[in-house]
K.L.:
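Pasting a structure here, questions to come.
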Amino acid sequence: MTPDTLMTPEKIFLDGKTFIPAEQLPIPEWPCVVSERSQPTLTVKDDDLFFVTDTIGNISGCSLNDGNPSMGLFCCDTRFLNRLELQIEGRSPVLLSSTAEKGFSLSALCTNPRIDERLKAETVGISREIVLNGALFEEIEVSNYSTTTVSFELSISFDADFVDLFEVRGYDREKRGRLLRLVEPTTEEGIVDSVSTLPKDPSTFREESLTLAYQGLDGLVMESRILFQHRQPDYFKGYTAVWRLELASHETHKLGYRVNMLKNNQSSSTVNAAITLGQAKAAELMEEQNWVQQITRISSDKSTFNRVIERAEQDMYLLRQSFGKYKTVSAGVPWFSTLFGRDSLITASQTLMLNSQIAKETLILLAAYQGKMEDEWREEEPGKILHELRLGEMARCQEIPHTPYYGTVDATPLWLMLYAEHYAWTHDQELLEQLWPNALAAMEWIDRNTKENSYLSYFRKSKRGLVNQGWKDSGDCIVDHKGELANGPIALCEVQAYVYAAKMRLAEIARTKKRLDLADRWLEEARNLKVRFNRDFWVEDQDFCALALDGDGKPVDSITSNPGHCLHLGLFTHERAYSVAERLRAPDMFNGWGIRTLSSLSPAYNPMGYHTGSVWPHDNALIAMGLRSLGLIDQALEIFQGLFDMTSRQPYQRPPELFCGYERNGDNAPVQYPVACTPQAWATGSVFQLLQMMVNLVPDAQNNCLRIIDPALPESINRLSFHNLRVGPTILDLEFERSGTTTACRVAKKRGNLRVVIEA
């Protein structure tokens, strides 16, 4: 149904509600507590919602240094709350403890500061629980632990600026929409606002509400509707709800509310919201339990290692996001909670051993958005796989090209690689046939874009697009050995490896489909690419592979991690693969926790640089896979151990998107990157890719076979088990046990007739 909307210059009528511009009806403000320093944050996520607060569960309305810009309640790239501040007698509560360990909920235990002579410090306990499930729910229990009755006011202040996520990230806008006030007509008094003081009758229960609203430049009306539950507020002052509490000794009162996010009077979230926090929590726990039953369950004999695995399993659940009737993993919280090409594809590949359904739905979703026309603004081309989809006001108003935006050079070959990998794990012939036209279109896009200079390259076309369009997409990272920026078009080394792998793997699929013409052609093109690549990308005086070729076809000759992505894809000659592997382990690259993105000897090196010296878990997991493929097992396990040690020291044992490239030094912890996403999809996926590297599973579901080639557990683990592992229609339980330098494998249980071949 389309909402019934009528607009005049002074009023907006929407489904029986009347809004006026906010400036026509000023409301009283409730002072915020000024924070003098930047606050650490807690993050919770559920599907298309995420919520970032300080450790008390508050989002203050002000601070001396503009606070943390990422704080707020977000849905579909719009911030629906930028203030949610609980106060006791106008003061901030004192934090005792808090956690967001469950991922979709946070809890905080606070107490009161000393308030004049009438309320001693640490007299009142304030327990907060916040849950996301299609809406935001909070329940607050306020307890009096003194021996006498106490009286005080508890308040919660709300505000919503409805800014687009790209504004939060620093994009400028020439114009914005307008904030609105919801007003209600009365028979005798004309217009009254919806946030005035409301009488309370304790003998009757009714939900009172506050409504914050905004009309975007596209005409859509956004609302944050706050409905109070349990005990209703005693009065409102502007957008602040106030309770006058009188608690006898050891008496507890419960307060609560939920925040629904609306767009033109329809729910902004794709998740059907519960009514109460209890229902929301139950729905989340049930869905999570269903997820756990579907995935491969992995455990070891080491409790710390098990906590890392359990966190990764839970985070993969948290990062799933609905797009229509399908789900894939969003790239990361807070900035990248949306559909991506490269990130979603790499994560789906990393987690095929965990749950192949992620890969299936990712392939289908990205195929649905596959490019159909030439569009420079969005950098769309027929057959091309998207980079990023956004749903906020700036996208709807065409201020950014993310509708979707296609500025990525590697998502298309990565889609083809995942298409083949998924088939190897599942033998899903129905999906293979369904997406075959998309595979042909993707390969045609690659071929069209390699005609000019024989390599797949990128060059920005959209004025609001990305300058760099590989996985290292910051503006300063494609540099030569002098630290100088390369000129485009840029042909990245790893992208050529993706093209090579895509052609080799698609050739096999074409052969099974009796398309021998395509199989032979793709195989020949892959072989030719390998010869040319080893000639053109090799830097003889460094005995290493160039990061890229620039617009003149010259090598961009800095020492970077990128060539490590090529190792397990077979593009290098044998000797050159070993040379790359050895160089990556030198001290200027390997810092003890992992391999840096750029050599510390480069003039452009910065240990805090996003792609110019930092360490990325997914980058290292791909390199470890390459080392393993060369038989360099000890070196691959060294990378695993560094990343595991790093992860075990993180909050909640959760690997961050990246961390700084400073040298590992004794007992010093890894240095945090200031604004790393956490949880982040391909960092989380790296946990499973490293497990895959250790046990070395090679599925061939089409031929009903699983090969396990020379499994190798690190010294920090003695036993590892996989339960509910799916290859084709068969479900397996596998057990690995290390004795000295040898790791044995046995099939503990098998449901199906899959042949398991264990090769030492």
Side-chain angles (χ1 to χ4, degrees), residues 381 383-384 408-417 420 439-440 442-459 468-472 478-481 486-508 510 517-584 622-623 626 629-630:
E381 296 168 12
K384 194 176 185 183
T408 170
V409 71
D410 50 10
T412 307
L414 286 169
W415 187 94
L416 289 167
M417 289 168 62
L440 293 176
M443 196 65 87
E444 287 166 6
W445 177 82
I446 291 172
D447 291 343
R448 282 197 308 274
N449 283 273
T450 53
K451 277 183 180 177
E452 190 168 330
N453 64 3
S454 302
Y455 295 112
L456 187 57
S457 60
Y458 65 84
F459 191 79
N468 288 317
Q469 299 184 359
W471 86 261
K472 293 178 180 174
I478 308 301
V479 294
D480 62 17
H481 77 282
N487 295 315
I490 301 291
L492 294 166
C493 62
E494 76 273 17
V495 172
Q496 315 320 311
Y498 302 158
V499 171
Y500 175 81
K503 286 186 180 288
M504 293 291 287
R505 294 172 187 181
L506 262 290
E508 294 177 18
D517 56 329
L518 291 176
D520 291 343
R521 190 183 96 206
W522 289 335
L523 203 57
E524 182 64 22
E525 289 170 350
R527 288 170 178 159
N528 289 337
L529 173 59
K530 182 169 183 173
V531 172
R532 287 186 285 104
F533 177 86
N534 281 276
R535 179 193 68 209
D536 297 340
F537 276 77
W538 198 251
V539 182
E540 290 289 349
D541 62 345
Q542 296 184 9
D543 209 17
F544 194 68
C545 178
L547 162 62
L549 299 183
D550 66 13
D552 297 322
K554 296 178 181 177
V556 183
D557 56 353
S558 54
I559 305 295
T560 68
S561 62
N562 297 58
H565 292 216
C566 307
L567 291 175
H568 76 291
L569 299 177
L571 184 56
F572 286 123
T573 63
H574 194 67
E575 296 78 11
R576 287 180 173 176
Y578 276 97
S579 184
V580 167
E582 289 174 1
R583 182 67 185 84
L584 289 173
L622 286 166
I623 293 169
S629 72
L630 298 173

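Everything quoted here is computed from the prediction, not taken from an experiment.
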K.L.:
Hey, what's the ring geometry for Phe533 with Phe537, parallel, tilted or perpendicular (30° and 60° as the breaks)?
P.N.:
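Plane angle under 30°, so parallel.
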K.L.:
Looking only at side-chain N and O atoms, does Asn449 offer a donor or acceptor that is under 3.5 Å from a partner on Tyr458?
P.N.:
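Not at all, the side chains of Tyr458 and Asn449 share no donor-acceptor pair under 3.5 Å.
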K.L.:
Determine yes or no for a side-chain-to-main-chain donor-acceptor pair under 3.5 angstrom, with Asp557 supplying the side chain and His481 the backbone.
P.N.:
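At least one qualifying donor-acceptor pair exists.
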K.L.:
Looking at OG1 of Thr412 and CD of Glu444, how far apart are the two atoms once the value is rounded to the nearest 0.5 Å?
P.N.:
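It comes to 12.5 Å.
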K.L.:
Please confirm whether the backbone N or O of Gly626 pairs with a side-chain atom of Ser629, one donor and one acceptor, at under 3.5 Å?
P.N.:
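Indeed, once roles are kept as given, a pair shorter than 3.5 Å links the two residues.
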K.L.:
Do side-chain atoms of Ser457 reach the backbone of Pro489 as a donor and acceptor pair under 3.5 angstrom?
P.N.:
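Side chain of Ser457 to backbone of Pro489, a donor-acceptor pair under 3.5 Å: no, none is there.
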K.L.:
Could you tell me the separation between the CG atom of Asp410 and the CG atom of Leu492, rounded to the nearest 0.5 Å?
P.N.:
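Between Asp410 CG and Leu492 CG, I get 8.0 Å after rounding to 0.5 Å.
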K.L.:
Shortest non-hydrogen contact from Leu440 to Leu518?
P.N.:
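So the two residues come closest at CD2-CD1, 3.8 Å.
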K.L.:
Closest approach of Leu567 and Ala577, non-hydrogen atoms and distance?
P.N.:
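Looking at all heavy atoms of both residues, the closest pair is CD2-O, 3.5 Å.
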K.L.:
Once you round to the nearest 0.5 Å, how far does CE of Met417 lie from CG of Leu414?
P.N.:
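CG of Leu414 is found 5.5 Å from CE of Met417.
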K.L.:
So Leu622 and His568, do their side chains get closer than 4.5 Å, heavy atoms only?
P.N.:
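A side-chain contact exists here, since the closest heavy-atom pair is under 4.5 Å.
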K.L.:
For the atom pair CG (Asn453) and OG1 (Thr450), what is the distance rounded to the nearest 0.5 Å?
P.N.:
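Atom-to-atom, Asn453:CG and Thr450:OG1 are 8.5 Å apart.
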K.L.:
Does Glu381 use its side chain to pair, donor to acceptor, with the backbone of Trp445 at less than 3.5 Å?
P.N.:
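Not confirmed, Glu381 side chain does not pair with Trp445 backbone.
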K.L.:
Should the pair Arg532 and Tyr455 be classed as cation-pi, given the thresholds of under 6.0 Å to the six-membered ring centre and 45° from the axis?
P.N.:
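Ring-cation test returns yes.
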K.L.:
Can you tell me how far apart CG (Leu569) and CD (Gln496) are? Round to the nearest 0.5 Å.
P.N.:
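It comes to 12.0 Å.
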K.L.:
Taking the side chain from Lys503 and the backbone from Arg527, do they hold a donor-acceptor pair closer than 3.5 Å?
P.N.:
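Here the side-chain-to-backbone pair does not exist.
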K.L.:
Counting only N and O atoms by type, is there a donor-acceptor contact under 3.5 Å from the side chain of Arg576 to the main-chain atoms of Phe544?
P.N.:
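No.
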K.L.:
Quick one about Asp480 and Ser558 (side-chain donor to acceptor, distance below 3.5 Å, no hydrogens or angles considered), yes or no?
P.N.:
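Side chains of Ser558 and Asp480: no pair found under 3.5 Å.
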K.L.:
Any side-chain donor-acceptor pair under 3.5 Å between Thr408 and Lys384?
P.N.:
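No, no side-chain donor-acceptor pair sits under 3.5 Å.
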K.L.:
Determine whether Val580 and Phe572 make a side-chain contact, defined as any pair of heavy atoms from C-beta on separated by less than 4.5 Å.
P.N.:
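Val580 reaches Phe572 side chain to side chain.
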K.L.:
Whether Asp536 and Lys554 form a salt bridge (side-chain N of Lys/Arg under 4.0 Å from carboxylate O of Asp/Glu) is what I want to check.
P.N.:
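Salt bridge flag = no for Asp536 with Lys554.
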K.L.:
Could you check whether Glu525 pairs with Lys451 (Lys NZ or Arg NE/NH1/NH2 to Asp/Glu carboxylate O, under 4.0 Å)?
P.N.:
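Between Lys451 and Glu525 there is no salt bridge, as every charged N stays at least 4.0 Å from the carboxylate O atoms.
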K.L.:
Step through the shown structure and confirm whether more than 12 heavy atoms of other residues, nucleotides or ligands are within 6.0 Å of CD on Glu452.
P.N.:
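It does not: Glu452 CD has 12 such atoms or fewer within range.
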K.L.:
Do the non-hydrogen side-chain atoms of Ser561 and Ile623 ever get within less than 4.5 Å of each other?
P.N.:
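Yes, at least one pair of side-chain atoms sits under 4.5 Å.
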K.L.:
Find the distance between CD1 (Ile559) and CG (Leu584) and round it off to the nearest 0.5 Å.
P.N.:
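Here the rounded value is 8.5 Å.
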K.L.:
Between Pro413 and Leu456, is there a side-chain heavy-atom distance shorter than 4.5 Å?
P.N.:
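In contact.
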